[in-house]
Amino acid sequence: MTTYDFNAIEKKWQKYWEEKSLFNPKIDKSKKKFYALCEFPYPSGAGLHVGHPRGYTALDIVARRKRMQGFNVLYPMGFDSFGLPTEHYAIKTGIRPEVATEQNIATFKAQMKSLGFSFAWEREVITSSPEYYRWTQWQFIQLFKLGLAYKETTEVWWCPKCKIGIANEELEAGRCERCDAEVEKKTREIWSLKMQSYSDRLIEGLSRVDFLENIKKMQIDWIGRSEGAEVEFPLSKGGSLRVFTTRPDTIAGVEFMVISPEEVLERFGPLCGGFDNSDEVCGYVNAAVVRTDVERSQTKVKTGVPLAGLVATNPYNGREIPVYTADYVLYGYGTGAIMAVPDLDERDGEFANAMGIKFGETKLLSPDDALKVGERKVNYKMQDWQFSRQRYWGEPIPMVHCSMCGWVPLPESELPLKLPHVDNYLPTDDGSSPLARVADWVNTKCPTCGGAAKRETDTMPMWAGSCWYYLRYMDAHNDREFASREAMDYWGQVDLYNGGQEHTTRHLLYARFWSKALCDGGFIPNDEPFMRRIMHGMILAEGGVKMSKSKNNVINPNDIVAEYGADTLRVYEMFIGPYDQAVAWSTESMIGVHRFLKRAAALSERVEDRAATVAERSVLAVAARDVSERIDALKFNTAVSALMIALNAFEEGDSVAKSVFADFVKLLSPFAPHLAEELWERLGNAESIAFASWVEFDAADISAEGIVYVVQVGGKRRAEISVGADMDQAEVERLAMVEESVAKFITSPVKKVIFVPGKIVNIVI
RNA sequence: GGGGGUGUGGCGGAAUUGGUAGACGCGCUAGACUCAAAAUCUGGUUGGAAACAGUGUGGGUUCGAUUCCCACCGCCCCUACCA
């Protein structure tokens with residue numbers, strides 16, 4: 001007799017949930033809402049990885065518990081489907097990106113559905129669909145109208161392999177995060193969003209949200225706010241050199257100035273003319289600017305050359321000091337030049353030693369005097385968001401350039417601006433987008449004056465669509481606006497947001513910026529999109545190494561579902577270890593979880609319709625307390641063990657009371673929803689367990705069987721005694737003293753007795 | 001260099017306003033069922049015969065320390081010349 005035919009059970013209930021459309025919430029002002037969200041995946045060709053379900057399951061558990069507690073729960077899912085891998089795939093195979101995307105989404109969706117997540121599938125969003133990116137484009141236009149999007153010629157990081165410009169946030173130690181090639185600098189005309197002007201507000205907003213502390217810290221560090229002063233040093237050849245310093249109090253110790261090589265080129269031209277050693281300067285500068293940042297920072301000994309003949313004057317004490325150029329000074333930060341205080345700044349000190357510059361001790365200014373130096377100034381590491389990508393598979397930027405009117409946004413009626421059909425997705429060596437080849441698309445009319453004009457051919461970065469998807473879920477089928485005010489007012493902010501750590505300084509920061517901008521424009525009610533942010537740890541292969549195709553150690557969720565069932569995979573991924581820690585997969589351990597579910601199914605055949613015993617009620621109360629608390633605390637691994645403890649206890653009897661088992665099934669249901677539905681039905685319930693009320697317990701039940709005290713003598717455990725729940729302290733102490741195994745250790749007079757209610761009696765001698 | 005985290009049986013891991021160290025599970029082991037095996041069930045499982053010892057190491061505070069304090073060692077992650 002099969003008591004746990006998980007295949008049949010899981011198919012049956014997945015069909016039931018879908019047919020009844022159980023998890024598609026409607027606005028219902030009589031109920032409190034709860035909005036749970038997992039980052040939507042990029043639908044790669046590889047399909048779902050076992051890492052994906054970890055977050056989905058965790059939030060599914062939270063969502064299911066909240067539903068049972070009476071909340072109106074929105075737990076949606078979709079696909080972030082624009083991006084480079086699909087385009088690379090198209091180049092390699094000739095399969096069109098939208099076709100590949102559709103196939104991949106179908107695969108992902110089938111896999112997700114096979115795991116029984118209570119997603120509101122009716123609200124699915126796909127960022128590469130014109131119905132969706134119509135509104136991404138619309139929002140971009142609003143940002144442009146707010147003055148937050150601008151086009152300028154600037155230096156961008158350029159990946160020579162991907163042939164694409166990339167943002168600072170997409171760099172990994174100076175390399176392209178996608179292909180690991182060293183990036184170069186290239187001058188291009190690109191769109192940027194004024195994210196830097198939101199720096200302070202992005203920091204301030206963190207005080208109003210519940211993110212993990214390290215997430216807040218990473219964002220704050222990334223924004224890199226530093227307060228200081230800008231000081232002007234007059235130059236002997238006229239003009240002056242402006243520098244930023246966080247330590248104006250050290251100005252008396254300035255021994256020399258350093259200008260970044262790029263800044264030298266900008267100030268003195270490609271020939272670096274006008275110095276006594278112009279050839280040397282020119283050679284150094286031109287060699288330096290082609291070196292990557294990685295190369296520069298790996299140089300052990302600092303290098304540089306003097307700008308001979310150029311002298312700067314310290315405005316504080318009138319001292320004349322030499323000026324150098326050196327590549328340890330960064331172009332992109334501050335003014336691209338520094339005042340060097342070798343006595344106090346380690347890097348300046350290293351450079352001074354390398355150059356043989358002598359220096360003495362620095363006299364610090366008083367805080368008051370320091371305030372008088374230069375002009376107060378705040379600098380940020382975070383730059384504006386470079387928003388142009390020279391690729392095909394992204395949202396077209398809905399802008400037109402007219403020689404008369406400049407950059408003009410498309411009128412709303414022309415949205416979505418659909419991606420034109422192209423046959424060749426190959427990037428171009430000159431750095432322009434494949435769209436630039438589509439002449440009849442590029443050439444258009446100016447929306448303002450009707451004259452000849454050209455479309456923008458760059459597309460948006462893959463982070464664009466995910467900036468606002470949480471809003472679209474609230475009202476996914478609205479074709480008049482991106483979401484109605486009513487829907488946004490009701491669903492408000494995301495209450496619980498789960499995602500990967502790698503998005504902390506990208507997606508999470510971008511989405512926060514975007515929301516603030518939209519809120520400023522009056523388009524949305526809240527400026528912080530996510531109230532609480534959590535991260536799940538990675539799932540590694542057996543042995544703790546990364547799963548990879550080349551190592552042939554990838555666990556495919558499909559195989560696990562086929563062999564052990566979705567409920568087993570779900571419960572195992574929760575039981576595998578602390579939610580926020582990286583954990584190694586172990587199929588052997590997973591089988592233990594499978595056994596647990598099997599035993600739960602088997603116990604359903606020993607259910608008797610009788611009153612619950614005191615012991616049963618006690619076990620159930622403990623389980624209800626622990627499971628509830630641990631779900632709320634995101635301690636899913638110990639929540640599962642609480643369920644196991646309860647099951648172990650119930651199995652000891654010949655039978656289990658029906659009411660107790662029913663409550664146990666409720667506690668199990670967020671974790672193993674298919675099995676729970678099946679058992680719930682076997683118990684005679686006609687309605688889904690998904691909306692049954694959560695288990696309430698009576699705290700008195702927990703200790704109804706009595707309390708066990710540990711008795712210690714001098715802090716060492718000597719015995720344990722079981723007493724009635726209402727016994728008073730003096731009586732417990734008396735019982736403890738007379739216990740034989742305790743009494744023999746009381747070899748000298750008792751000094752005092754420490755009594756911890758419900759736990760310990762410690763006799764100090 | 002800076003920042004964060006972490007160290008507990010054979011393994012994954014429990015236990016923090018200081019209060020039974022090793023929950024729960026895996027593995028192992030003995031037994032039941034079986035011709036046999038798998039599956040399942042029952043018992044055992046930190047070391048030690050025991051007294052005791054035991055949470056990376058060494059100190060400290062305390063009736064009592066995995067938990068708090070000091071110093072040190074190891075591992076992991078993030079970040080990286082930001083003036």
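- B:C63 sits 23 Å from B:G58 when the P atoms are compared, rounded to a whole Å.
- A:Ile338 comes within 4.0 angstrom of a nucleotide base, judged by non-hydrogen atoms across all strands.
- Pairing for B:U66 is absent, judged as Watson-Crick or G-U wobble with the two contacts each under 3.5 Å.
- Using bins of under 30°, 30° to 60° and over 60° for the plane-to-plane angle, the ring pair A:Tyr510/A:Trp385 lands in the parallel bin.
- As rounded to whole Å, 17 Å separates atom P of B:C78 from atom CD of A:Gln219.
- Looking at A:Glu227 and A:Arg225, a side-chain N of the basic residue comes within less than 4.0 Å of a carboxylate O on the acidic one, giving a salt bridge.
- Side-chain to base pairing of A:Lys751 with B:C63: no donor and acceptor N or O lie closer than 3.5 Å to each other.
- Pairs passing the side chain to side chain donor-acceptor pair (under 3.5 Å) check and including a residue from residues 618-629 of chain A, sequence neighbours excluded, read A:Ser628-A:Trp694.
- In this structure, a donor-acceptor pair under 3.5 Å is present between the side chains of A:Tyr331 and A:Glu266.
- Classification of B:G9 as syn follows from a glycosidic angle within 90° of 0.
- Between B:U45 and B:A39, the two P atoms lie 23 Å apart (nearest whole Å).
- When heavy atoms are screened at a 4.0 angstrom cut-off, A:Val329 is found touching base atoms of the nucleic acid.
- Counting non-hydrogen atoms under 4.0 angstrom, A:Ser586 reaches nothing in the nucleic acid.
- Here the separation of B:G48 from B:G56, taken at their C1' atoms, is 22 Å to the nearest Å.
- OP1 or OP2 of B:U40 has at least one side-chain nitrogen or oxygen of A:Arg595 nearer than 4.0 Å.
- Within 4.0 Å of A:Met590, counting heavy atoms only, lies no atom of the nucleic acid at all.
- Looking only at side-chain heavy atoms (C-beta outward), A:Glu573 and A:Val50 come within less than 4.5 Å of each other.
- At a threshold of 4.5 Å between non-hydrogen side-chain atoms, the residues A:Leu597 and A:Leu668 count as touching.
- With rounding to whole Å, A:Glu230 atom CD is found 13 Å from B:A83 atom P.
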Practice item. Summarise how protein sits on nucleotides 43-48 of chain B as a single string, 5' to 3': B when a protein heavy atom is under 4.0 Å from the base, S for sugar-phosphate-only contact, - for no contact. Key: ------
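- B:G74 is paired with B:U6 under the Watson-Crick or G-U wobble criterion, all donor-acceptor distances under 3.5 Å.
- Within 4.0 Å (heavy atoms only), A:Asn648 reaches sugar-phosphate atoms of the nucleic acid but no base atom.
- Annotation: B:A36 and B:G43 have their C1' atoms spaced 24 Å apart (nearest Å).
- To the nearest whole angstrom, the two C1' atoms, one in B:G9 and one in B:U66, are 14 Å apart.
- In this structure the side chain of A:Arg606 never reaches within 4.5 angstrom of the side chain of A:Asp654, judged on heavy atoms.
- Nucleotide B:C52 forms a pair with B:G47, judged by Watson-Crick or G-U wobble geometry with both contacts under 3.5 Å.
- A:Ser192 and A:Asp384 are not linked by any side-chain donor-acceptor pair at a separation below 3.5 angstrom, with hydrogens and angles left out of the test.
- Note: A:Phe351 and A:Phe256 have tilted aromatic rings, judged against thresholds of 30 and 60 degrees for the angle between ring planes.
- Considering only heavy atoms from C-beta on, A:Ile321 stays 4.5 Å or farther from A:Met339 through its side chain.
- If you take atom P in B:U34 and the same atom in B:A51, they sit 41 Å apart, rounded to whole Å.
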Practice item. Using a 4.0 Å heavy-atom cut-off, write out nucleotides 5-21 of chain B from 5' to 3' as B (base contacted by protein), S (sugar-phosphate only) or - (no contact). Key: -------BSS----BB-
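- Rounded to whole Å, the separation between the P atoms of B:C41 and B:G25 comes to 11 Å.
- As the counterpart of B:A80, no nucleotide is assigned, since no Watson-Crick or G-U wobble pattern has both distances under 3.5 Å.
- Among the atoms of the strands shown, none is found under 4.0 Å from any heavy atom of A:Gly224.
- Across every strand in view, B:U20 sits unpaired, with no contact that passes the Watson-Crick or G-U test at under 3.5 angstrom.
- The partner of B:C35 cannot be assigned: no Watson-Crick or G-U wobble pair with both contacts below 3.5 Å exists in any strand.
- Comparing the C1' positions of B:A15 and B:U29 gives an interatomic distance of 27 Å, to the nearest angstrom.
- Relative to the side chain of A:Lys217, the nucleotides B:G25, B:G3, B:A83 differ in distance, and B:G3 lies closest.
- Within the 4.5 Å cutoff, the side chain of A:Phe664 has heavy atoms near those of the A:Leu647 side chain.
- Side-chain proximity of A:Trp222 to the nucleotides B:A83, B:A80, B:G25 is greatest for B:A80.
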